[in-house]
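For reference, the structure discussed in these notes is given below.
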Protein chains: 2
Amino acid sequence: MSTISDVAKLSGLSKTTVSRVINNYPYVTKEKRELVKKAMEELSYTPSPTARRMRGQLTTSIGVIVTRIVNPFFSYLVNAIEQLAYKKGYQVLIFQSNGDPEKELSYLNLLKTKQVDGIIMTSVANDWETLKEYTNFGPMVFCNEYLSNSTLPIVRIDQINGVYNGIKHLIEKGHKKIGYCTGGSLFESDGKNNDRSIGFQKALKEAKIPVNPRWIFVNQLSINDGKNVAKEVISMADRPTAIFAGGDEVAAGILIETKDQGLRVPEDIAIIGFDDQPLAELLEPKLTTIRQPVNEMGEKALELIISILEGREPKEAYVELTAPFIQRGST
Amino acid sequence: MSTISDVAKLSGLSKTTVSRVINNYPYVTKEKRELVKKAMEELSYTPSPTARRMRGQLTTSIGVIVTRIVNPFFSYLVNAIEQLAYKKGYQVLIFQSNGDPEKELSYLNLLKTKQVDGIIMTSVANDWETLKEYTNFGPMVFCNEYLSNSTLPIVRIDQINGVYNGIKHLIEKGHKKIGYCTGGSLFESDGKNNDRSIGFQKALKEAKIPVNPRWIFVNQLSINDGKNVAKEVISMADRPTAIFAGGDEVAAGILIETKDQGLRVPEDIAIIGFDDQPLAELLEPKLTTIRQPVNEMGEKALELIISILEGREPKEAYVELTAPFIQRGST
DNA sequence: AATATTTATGAAATCGGTTTCAATAAAAAG
DNA sequence: CTTTTTATTGAAACCGATTTCATAAATATT
């Protein structure tokens with residue numbers, strides 16, 4: 001590896017001038033600039049990002065924290081971010097927190113130590129009190145998940161109306177007994193109902209349908225979880241005629257198990273998912289779901305953080321995208 | 001952020017001594033060691049990885065290059081690597097090459113500039129001539145894909161026998177007209193047949209069945225690709241009675257389209273996939289496939305690269321895992 | 001008791017860049 | 001034709017750690 005000194009020596013100029021050429025400073029004559037460029041070319045020189053970082057320079061690398069990269073929702077989100085970042089000359093570091101607050105903090109520390117210029121948090125495992133500490137060390141933005149009492153820029157999806165539209169659709173189809181599955185719980189860390197459960201309850205309330213707590217399943221994440229939910233539901237004396245699942249995978253599990261047990265979808269049980277993952281179209285019947293515009297969300301978040309990094313104050317510190325309702329065969 | 005100088009000042013000792021404590025050097029008295037530790041504690045000091053890198057120190061971060069993170073095969077592979085790495089105190093940086101040789105090189109450059117200590121390549125877009133240059137800058141290992149003329153450690157799956165067993169199974173079921181889909185081509189960059197196509201041809205040859213080039217489809221990657229393959233196959237006057245697809249997604253596409261067109265699986269067309277992704281069990285009928293032991297493969301690759309980094313010569317520079325045949329309903 | 005070795009410490013150099021500061025040359029203004 | 005401003009360059013300091021080298025004290029060896 002050649003260094004800036006090698007380039008300086010070969011071009012017969014000082015390190016300072018070479019540095020000026022690298023960083024596109026004015027006040028370097030065309031001839032010297034060419035001289036430096038030729039020397040850099042000849043030595044196939046690239047400045048060491050490590051050394052640049054030492055002087056507090058930014059290094060065009062952005063971290064993205066996700067819970068689980070195997071979750072297609074996150075892998076598609078990360079993919080969208082990465083594609084655009086590469087175009088813009090930024091490098092993306094993907095971090096998997098597994099929902100572990102400590103692991104999440106270990107990644108946020110990379111901001112402190114200038115390993116990344118900024119961080120996009122697509123999931124959040126710590127509370128705002130803890131996260132706040134890190135905001136001094138570089139820009140952070142929420143994308144997808146967020147903490148409502150934070151001051152960070154947020155790119156999110158209108159989950160309330162997403163779920164609301166889905167449930168309303170079920171009600172319009174005549175359903176009055178509606179089950180509800182969610183990956184987490186119904187509540188934020190502060191005890192308030194989260195957006196999805198607000199959307200759910202709003203739709204029911206408007207139709208004057210009471211919530212039946214026996215039909216609510218929390219912490220349901222995988223296909224297998226969905227199968228278990230279906231088993232439990234089918235064994236109920238008084239069972240729901242429709243189920244909303246907060247993820248297509250869980251919905252897929254419910255659908256498969258339901259069919260395996262000889263029930264018809266949507267006639268005996270209607271199912272509605274969330275995300276619109278590729279598998280939604282693979283199922284038989286195809287899954288009605290609520291699409292999360294992941295690409296758009298990822299791109300917005302990246303644009304936001306870059307505009308902060310480059311000193312352009314972001315136009316909107318709050319971006320809300322709509323989650324369209326996609327009707328297919330399962331409702 | 002506090003620096004080593006702050007710690008030195010607070011503890012009343014020199015930077016050198018502080019550095020010695022950080023790096024567990026002998027020749028520091030117990031008392032001073034305690035003094036330094038107390039000062040570090042008090043200032044909640046962590047050494048700057050950037051500064052350490054400047055001095056050529058390793059930084060316990062490992063890069064993993066994949067083609068597409070949204071491909072479940074890769075996301076599960078990366079997941080396995082990440083989980084184990086975190087346990088071992090290493091940090092994983094995931095890089096997406098999209099199969100673009102230039103992008104791949106831009107990531108390999110991080111090795112050159114000490115941004116990562118080593119790189120696990122799960123896919124490869126450049127030839128060995130080009131990659132060789134980078135091997136001087138830090139350890140690289142192949143995991144999954146590899147170049148046969150390279151000198152790098154390899155963790156791989158016995159694809160030859162994986163495919164061979166699958167095709168043999170079809171032949172035993174009485175199939176004589178067997179189609180073949182692959183994500184890439186049939187050949188390595190050096191013109192030789194790749195492992196999978198060797199397995200395919202070996203099985204056919206043993207049964208004295210000639211290869212029909214019209215039933216071979218290259219560059220098939222997605223569910224949609226699979227659907228198109230199915231459409232083409234169905235329209236053939238003389239069509240295969242069984243199809244092997246080099247990925248479960250393509251197999252899924254074939255299966256769905258086949259059924260949509262009113263053919264029965266496996267009676268009219270048998271389908272066999274590759275990978276054993278979660279979606280294989282979602283299909284109706286469930287997909288017969290060849291499992292790639294991704295977790296094991298990822299973990300082995302990580303252990304290998306760490307043992308190289310830590311100076312322990314790796315026991316085996318060549319690890320081969322078997323790809324078990326998983327029979328389900330589609331054959 | 002004299003000498004050699006081991007233990008313990010810090011000043012200064014170093015890594016590869018950027019930034020500050022001073023100096024000089026050229027152009028513009030008075 | 002001076003004075004001021006602007007353009008152009010390089011020496012040296014700096015970022016935060018490690019490493020080299022020198023030195024002193026304690027211990028071991030002869």
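In what follows, every chain begins at residue 1, and chains take the letters A, B, ... in the order their sequences are listed.
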To the nearest angstrom, how far is [X] atom [atom1] from [N] atom [atom2]?
{"X": "A:L35", "N": "D:dT8", "atom1": "CG", "atom2": "C1'", "result": "15 Å"}
{"X": "A:Q115", "N": "D:dC15", "atom1": "CD", "atom2": "C1'", "result": "15 Å"}
{"X": "B:K30", "N": "C:dT7", "atom1": "NZ", "atom2": "P", "result": "15 Å"}
{"X": "A:K32", "N": "D:dT8", "atom1": "NZ", "atom2": "P", "result": "10 Å"}
{"X": "B:L43", "N": "D:dA17", "atom1": "CG", "atom2": "C1'", "result": "16 Å"}
{"X": "B:K9", "N": "C:dA11", "atom1": "NZ", "atom2": "P", "result": "13 Å"}
{"X": "B:M40", "N": "D:dG16", "atom1": "CE", "atom2": "P", "result": "17 Å"}

Which label fits B:Y107 and A:Y86: parallel for a plane angle under 30°, tilted from 30 to 60°, or perpendicular past 60°?
tilted
Check the phosphate of D:dG10 against A:T17, side-chain N and O only, distance under 4.0 Å to OP1 or OP2. Yes or no?
yes
OP1 or OP2 of D:dT8 versus the side-chain N and O atoms of A:Y27: is any pair under 4.0 Å?
no
Chi angles and distances behind the side chain to side chain contact (heavy atoms under 4.5 Å, CB included) call for A:Q91, B:L110
CA-CA 11 Å; A:Q91 204 183 113; B:L110 302 182; 3.5 Å; yes
When every nucleotide of nucleotides 15-22 of chain C is labelled 5' to 3' by its protein contacts under 4.0 Å (heavy atoms), B for base, S for sugar-phosphate only, - for none, what sequence of letters results?
BBBBBB--
Do you know the tightest heavy-atom contact between A:T3 and A:D6?
N-OD2, 2.8 Å
For a quick test of reading the model, state the closest non-hydrogen atom pair linking B:E133 to B:N136 and the distance between them.
O-ND2, 3.4 Å
As a quick check of understanding, evaluate side chain to side chain contact (heavy atoms under 4.5 Å, CB included) for B:I22 and B:R52, giving each step before the final call.
CA-CA 11 Å; B:I22 294 168; B:R52 308 186 85 177; 3.9 Å; yes
Going through the checks in order, is the side chain to side chain contact (heavy atoms under 4.5 Å, CB included) test met by B:L35 and B:E31?
CA-CA 6 Å; B:L35 225 56; B:E31 304 92 65; over 6 Å; no
